[in-house]
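Throughout, protein chains are lettered first and strands after them, A, B, ... in sequence-line order, and every chain is numbered starting at 1.
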Amino acid sequence: MSDPLPLVKGTLDVLVLKAISWTPMHGFEITTWLESRSAGALGVQDSALYQALHRLEARGLVAAEWGVTANNQRARYYRPTEEGRAHLAAETTRWVRYAETVTGILRAAPGAAA
Amino acid sequence: MTPPAPRPERRPEIRPGIRRLLRLALRAPEQARAEADEEIRLHLQLRAEQLERAGLSPAAARAEAERRFGPPEAARERVRATAAGRDRRLRRLARVADVAQALRLAVRALRRAPGFAATVVACIALGVGANTAAFSLLDELLRRPLPVHAPERLVNLSAPGPRPGNDICDQAGSCAEVFSLPMFRDLARAPATGLAGLAAHRLFLAGVAHDGRAAQGQGVFVTGSYFSVLGLRPALGRLLGPDDDRAVGVHPVAVVSHAYWRAQLGGDPAAVGRTLRVNGRALTIVGVAPPGFQGTTLGLRPWLWVPILMAPAVDPLFGPASQLDDRTRYWTYVFGRLRPGATPERVQTALTAAYRPILAELEAPLHAGLSDAARERFLARAVLVRDGSRGQAALRELARTPLVLLFAITALVVLIACANVATLLVLRGAARGTELAVRASLGAGRSHLVGQLLLEAGLLAALGGAASVAVAAATLRLVGGFVPQETLGFGATLALELRPGVLLFAAAVTLGTAVACGLLPALQATRPDLVRTIRAGAGQIVGVSAAGRARGWRGGARLRTGLVTAQVALSMALLGSAGLLVRSLDNLARVDLGLDVGPVVQLGLLPGLTGHDPARAHAMLVRAEDALAALPGVEGATVSGTPLLTNSSNGGDVRVEGFARAPDTDANTRFNDVGPAFFRTLRIPLLAGRALTAADRAGAPRVAVVNEAFVRKFGGGWGATPEGAARAAVGRRLAYDGSSPEGVLDVEIVGVVRDSHHGTPRDAPPPLVYRPYRQDPTVTAAALYVRAARPLPELLRAIPQAVAQVDATVPVAMLKPLAQQLRELLFLDRLLGALSAGFALLATVLAAVGLYGVLAHGVAQRRREIGVRMALGADAGRVRRGVLAQMARMLVVGVPLGLGAALLVGRAARSLLFGIAPHDVGALAVALAPPAGVLALAALAAAWAPAWRAARVSPASALRAD
């Protein structure tokens, strides 16, 4: 595996929202989901993830409640709120447009027409 | 890596909404950190398990898990911190949502009962508004300190005690508070008194002409230390200082007030240096006083301040310049500023120590004719030093008792309004019993319900409080309409506006009202045995077995009855007080004034103020008197040197033939310089001798006419009966201490007239000597009275025209019917009578509303019982009487209490009551009977509808109701 890419500021929030957009997950589940999806290319410190989760909760984008895992352990499950889903959709659109635009410029051949 | 396993069976339910927020609001802050720790623990455990499955040893797995988590303590701490921050934020949001929700519920609840809400808001608005207006008056007149630097360090000086000489008082205080100018200078120079400065001042009438326009206002003569003692800075130019206090007549300068500068000089920044003509004398403006400063006398707004040594030149009524050095003329008011650390008591001792030697050495020798006893009293006088933070004013003492009484009255009104509001809230709480019980059963805690009810009460109170501002403003405007804008001489004007401090007071009273009125009903309405209430509401008859409901209702009934009885008592107290004040006013109005006010118009002419010299001014008065008498339809016109029916008077000592006079004898009498037609115009009956005629003019022998009181005082041995004494008085001689030559009685008494009230009807007429003004060339300003058969408006138009034809430069002042002057003289009594009656009626209406509410509610509650009774044979009349009996029970307790309180008020305010002595049972009964009747009528009216409705209950429908 190559060195993990540092996370662009602010994207962790969106990634977390995406992770929990299908079903509520607790912190570890979110971590493993992100790791599996990115095949380890993203370097996220676990503690940073929890900080992000708490901040999202404070902003009202996710809601959390204590639940029980399959192994009968007490875990805190997070799910997006209505505002969270809306935020995810908007940010996704923005991010994709941004990425496409930047990629297009960076990949352009020298002297190519505008 | 494979995605995590499909979801476990137990999906955690996350319930959104209020419950969650509510629970969150109750969490302790440490809980957030503990939960964060738990999250971290689980995460590390799961990570370690994952790593173990990947092949690491348990210890290595643990270490790796911790490494991936982040730097050990710091990372955990950050997570805990964000958790705590999140909790804080969510808690705040929950609180806001709670409050918003509660407010929404409160508004909805109030919308469901608009009549009730409107009544409560009106009650609070009227009660708090009236009280706020009274407080505003109290604050303005009694409490407000001067707008100067450190007003609490100012002190007023006075020197009570007998002193021979002439004093001119009644301006800014009593006769104890005036000093002679030389004495002021001595006191100011006295060393080590603890005073940082001493200042003297005196008001004067200023006819100010500027740019051709003339107007009359007030001015103040001040010493050089005045502005420095007050610690003021000029808004423009400079203020007067010691350099303007050096020699007589050489400082033709003035400082104008900020208001005058804005209004009359247009706020001109180049005003300094312009010239004003004040009473005909040219003065240069050297500065403008700071905004908001209006002198040190309450109610008066001087236009300008002039150096005191200019007084003889600028004030035509002042007299000769020698008065400035005359130690026996007392005419200035004195105040000073304490040094830091000095106390009034120390200053008083030091000043008295300086004062007495001066009395002994310089002043006592000037009073040759004093008896030893009088001399001792004179030398024993001391200087008193009192708080001067509010300036000096005679108006304040006059107004103190009435204002405090007014405040007490409005406080009572607030109490009644509170009781009324509480009653209404209790009734409403009882009506909502079912709703509250259901909510309680659904899990709302008692404190939550009480909070909700308090919020509703608070909302009503807030609305009422906002409305009360409008009520207060309207009340103040009404009061302002009563206060006369000017009287002849010095007018008093009050700025009646709502200041921020007063509004704060209103808010505080409103809040107190809300809590007081809302708490008890709220507690009562949310009693724990409400479930029984719901059950009991379903068809049980009172008195059979629903003991809880019966008990609850009776307990509530006692509270309600008690509240209404309290309202009845308070209303009776108010009505009684109002009755006393109204009767006192009536008594005052009935006093036989001894003169016929009727179709008489008054006016004032002050030709001396427009720059005429005394001879021309006197001649102008004579010509004006003749011109007015010659107007068509006029039956008589006359001059009166002292204006009638005002509080001013002029007096001095006299020597009378046959009257033994020792140095200490009271030989004082009042004077009035009048025209020949005086007694005829004012219809004052002549008892003996003749009235004054046109023949009594300058050059003719000096004559005078006296009144009965004069004969009684000075003519002890003149006759056995009043008539005999009056006849014997004609031909006797007297002399004035001020102007008659030594040893000669040069004035002959030519007539005796009946006593008449020239001042307030409260006091008995004093002895009075009427002198023909045409014999006294020093009379240069006077009031004139015109009696005419013409309609008054015509006369009011014709008089200024006639005066203008005599001399167009002299403005006509105080032009009004004499009857109006009388009304203005009694304005304080009229104001009190009107306000107290108005508030008392308001309170009665409130009490009647409360009474109606309680009786109606009682009838509604007992419909079933009444139905049973009627089915068993009771007739409509008995049922009606039952309701009326309930009302009567409340009256029987409330009315005597209220009457007793009214009597106490009458005793406390007996200085205000005229013609009603505290132990005069007959007068009290006459005064209090109508108010009691009014209350009884109101109670009857309130009880009528419920009684009638109770009698109309049909047994069948009542029993069928549930």
Colleague: Output the distance between atom CG (A/Asp46) and atom CD (B/Glu66), rounded to the nearest 0.5 Å.
Modeller: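 A/Asp46 atom CG to B/Glu66 atom CD measures 11.0 Å (nearest 0.5 Å).
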Colleague: Identify which part of A/Gln51 has an atom lying under 4.5 Å from any heavy atom of chain B, answering side chain, backbone, both or neither.
Modeller: both
Colleague: For A/Thr31, is it the side chain, the backbone, both, or neither that has a heavy atom closer than 4.5 Å to a heavy atom of chain B?
Modeller: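 Contact with chain B involves the side chain of A/Thr31 alone.
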Colleague: Please state whether the rings of B/Phe69 and A/Tyr50 are parallel, tilted or perpendicular, taking 30° and 60° as the class boundaries.
Modeller: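 Tilted.
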Colleague: When only pairs under 4.5 Å are counted, which of A/Arg74, A/Arg55, A/Arg59 shares the most heavy-atom pairs with chain B?
Modeller: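 Heavy-atom pairs under 4.5 Å are most numerous for A/Arg74.
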Colleague: Which of the residues A/Ala52, A/Ala75, A/Ala58 is involved in the greatest number of heavy-atom pairs with chain B at under 4.5 angstrom?
Modeller: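 Of the options given, most contacts go to A/Ala58.
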Colleague: Going from CG on B/Leu46 to CD on A/Glu29, what distance comes out if it is rounded to the nearest 0.5 angstrom?
Modeller: 8.5 Å
Colleague: Is the backbone N or O of A/Glu57 less than 3.5 Å from a side-chain atom of B/Arg86, with the two atoms forming a donor-acceptor pair by type?
Modeller: no
Colleague: Check whether A/Ser47 reaches the backbone of B/Arg76 with its side chain - one donor and one acceptor, N or O, closer than 3.5 Å.
Modeller: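 Pair absent, no side-chain N/O of A/Ser47 close to backbone of B/Arg76.
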Colleague: From B/Glu39 CD over to A/His54 NE2, what is the distance, rounded to the nearest 0.5 angstrom?
Modeller: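 It is 4.0 Å, given to the nearest 0.5 Å.
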Colleague: Can you confirm whether more than 12 heavy atoms, excluding those of A/Arg94, are under 6.0 Å from its CZ atom?
Modeller: no
Colleague: Does CD belonging to B/Gln45 count more than 12 external heavy atoms closer than 6.0 Å?
Modeller: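 Count over threshold, so yes.
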Colleague: When you check the side-chain N and O atoms of A/Trp66 and B/Glu38, is any donor under 3.5 Å from an acceptor?
Modeller: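 No, no side-chain donor-acceptor pair sits under 3.5 Å.
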